[in-house]
Amino acid sequence: MTEKLGIGRLRRIARRRSGEEPRRPRNERRPRSDGTGPGKSRSRAEWLGLVAVSLPGLAALAALLFTWMQVGQANKELRISEQGQITNRFNAAITNLGSDSLDVRLGGIYALERIMQDSPRDRATIISVLTAYVRRHAPLPEEGSEKQRSATPDATPATDIEAVMHVLAERPPAGDDVLVLDLSRTDLRGLTPGTGRSEFADADFRESDLSRADLSHANLAGADLDGAALRGTDLSDASLLAAGLAKAVLSDALLTAANLTSADLESARLDGADLSGTYLNSTVLEKAVLQDANLTGAYLKSADLEDADLSGARLNSAELTLADLTGADLTGADLTGADLTGAILTDARLDGAKLKGVRGLPPSQR
């Protein structure tokens, strides 16, 4: 064994002398096999440095997340607090409505208006409360109502009723909610609900008394006014598109330039009414009374005027193309310059009617 070790050492010495194997410096360390050399130490130092650099960012992210959670909780608590405040305001307003003092009642009415503006989710409830208030405090008299109303022709709504109607007329848009104002059988004579375009679309005014009310420029499209009293009411420039006015009383009403397209005025009374320039296309006026009414320049295309009373009516330059005038009474009516092209005049009475410049009138009818 000793000989073998000696021979090996001699061979290494020989190789070094011949330059085949370099001599290792005495101070050079052999690589450690446990993976803890200088390279590994450098990698660990770099990783620790990266962690140290990232710590402030991670802390900021954690702080941001915590702040976001706090804001969310604060908003939730704020909403709960606001709802509680609205509930308290609502209860206080309802209590004020029952007061004997007019000033307190007015305060309750305007408090509900403010809540309706601040809380869209409560609008339907508030509207129900306010319309119920009108029905209770301004009901139409059950017995002898016609005599009672005729005895007080200049009657006007009470101050609190006027205030409620103003709030309803100026209420915020309903959005997707369908809110029907139930104001049926109410006494609203002389009403002046708002300063602008009063919003009463689809409202229920059945059998209500709106005589001498100012509803000019009002939006009453789709409203139910069947059997309503509208004597002398100002409805100029109002929208009554597809409104229900069957058996309504509109004697001496002002309807100039109003839109009554596709409205139902069957058996309605319009005697003495001013309908000049009014849109009555496709409107049902069957058996309606239009005696002495002013229909100058009115648009009555395809209107149903079967058995209507148009005696003494002014129809100068009116458009009556394709209108159904079967059995209509046009005695003494002024049809000067009217257009009757395609109109149905079967059994229509034209005795004493002014027919100068009429277009579309068959020779047999002249």
Side-chain angles (χ1 to χ4, degrees), residues 85-141 145 148-149 152-175 177 179-220 223-225 228-235 238-239:
Q85 291 176 5
I86 288 173
T87 300
N88 293 335
R89 289 164 57 192
F90 180 82
N91 292 335
I94 295 297
T95 301
N96 290 345
L97 287 181
S99 174
D100 294 332
S101 170
L102 174 61
D103 292 339
V104 175
R105 294 199 302 274
L106 289 174
I109 291 165
Y110 291 121
L112 288 174
E113 179 185 29
R114 183 60 183 271
I115 296 170
M116 187 163 50
Q117 294 170 349
D118 294 342
S119 178
R121 63 183 293 180
D122 295 312
R123 286 176 189 168
T125 301
I126 293 171
I127 287 172
S128 297
V129 169
L130 293 177
T131 52
Y133 184 89
V134 176
R135 293 196 304 273
R136 179 181 178 184
H137 294 273
L140 198 68
S145 58
Q148 183 175 344
R149 289 198 296 274
T152 54
D154 297 326
T156 56
T159 304
D160 53 344
I161 298 300
E162 192 91 37
V164 171
M165 293 303 296
H166 175 81
V167 170
L168 293 174
E170 303 291 334
R171 69 190 187 281
D177 297 329
L179 305 175
V180 178
L181 306 183
D182 185 0
L183 296 160
S184 57
R185 293 196 59 78
T186 51
D187 188 354
L188 299 169
R189 288 171 292 165
L191 174 69
T192 306
T195 57
R197 183 179 171 84
S198 299
E199 186 60 50
F200 292 122
D202 299 312
D204 185 354
F205 285 105
R206 285 175 298 171
E207 299 183 18
S208 293
D209 194 340
L210 289 153
S211 298
R212 299 175 309 284
D214 184 359
L215 293 170
S216 57
H217 303 280
N219 182 14
L220 287 153
D224 190 346
L225 290 147
L230 295 149
R231 297 179 184 86
T233 301
D234 186 354
L235 288 159
S239 174

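Below, all heavy atoms of this structure are taken into account, side chains as well, without hydrogens, waters or symmetry copies.
Of the inter-residue distances, the one linking L225 atom CG with S208 atom OG reads 8.0 Å to the nearest 0.5 angstrom. For the atom pair CG of N219 and CG of D202, the computed distance is 8.5 Å after rounding to the nearest 0.5 Å. Between atom CG of residue L183 and atom CG of residue L181 there is a gap of 5.5 Å, rounded to the nearest 0.5 Å. Here CG of L210 is found 5.0 Å from CG of L188. Values are rounded to the nearest 0.5 Å. In this structure, the separation between CG on L112 and CZ on R123 is 14.0 Å, given to the nearest 0.5 Å. For the atom pair CG (N96) and CG (N91), the distance works out to 11.0 Å, reported to the nearest 0.5 Å.
Between V167 and I126 there is no side-chain heavy-atom pair separated by less than 4.5 Å. The closest side-chain heavy-atom distance from R212 to R189 is below 4.5 Å. For the pair L191 and E162, the minimum side-chain heavy-atom distance is below 4.5 Å. Two residues are said to be in side-chain contact when any heavy atoms from C-beta on lie closer than 4.5 Å; S198 and M165 fail this criterion. With contacts defined as side-chain heavy-atom distances shorter than 4.5 Å, the pair E199/R171 qualifies. Side-chain contact between F90 and D122: absent, with no pair of heavy atoms (C-beta onward) separated by less than 4.5 Å. T131 has its side chain out of reach of D204: every pair of non-hydrogen atoms, C-beta onward, lies at least 4.5 Å apart.
R89 places no side-chain N or O within donor-acceptor distance of the main-chain N or O of A111, the cut-off being under 3.5 Å. Judged purely by atom type and a 3.5 angstrom limit, H166 uses its side chain to pair as donor or acceptor with the backbone of P193.
When all heavy atoms of F205 and A228 are compared, the pair lying nearest together is O-CB, 3.7 Å. T156 and G190 make their closest contact through CG2-O, 4.3 Å (heavy atoms, listed as atom of the first residue, atom of the second, distance). Among all heavy-atom pairs drawn from A223 and F200, the shortest one is CB-O, 4.0 Å.
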Does the pair L130 and V134 meet the rule for a side-chain contact (heavy atoms from CB on, under 4.5 Å), with working shown? CA-CA 6 Å; L130 293 177; V134 176; 5.9 Å; no
Could you go step by step and tell me if D103 and S101 meet the side-chain hydrogen bond (donor to acceptor under 3.5 Å, both in side chains) rule? CA-CA 5 Å; D103 292 339; S101 170; 4.8 Å; no
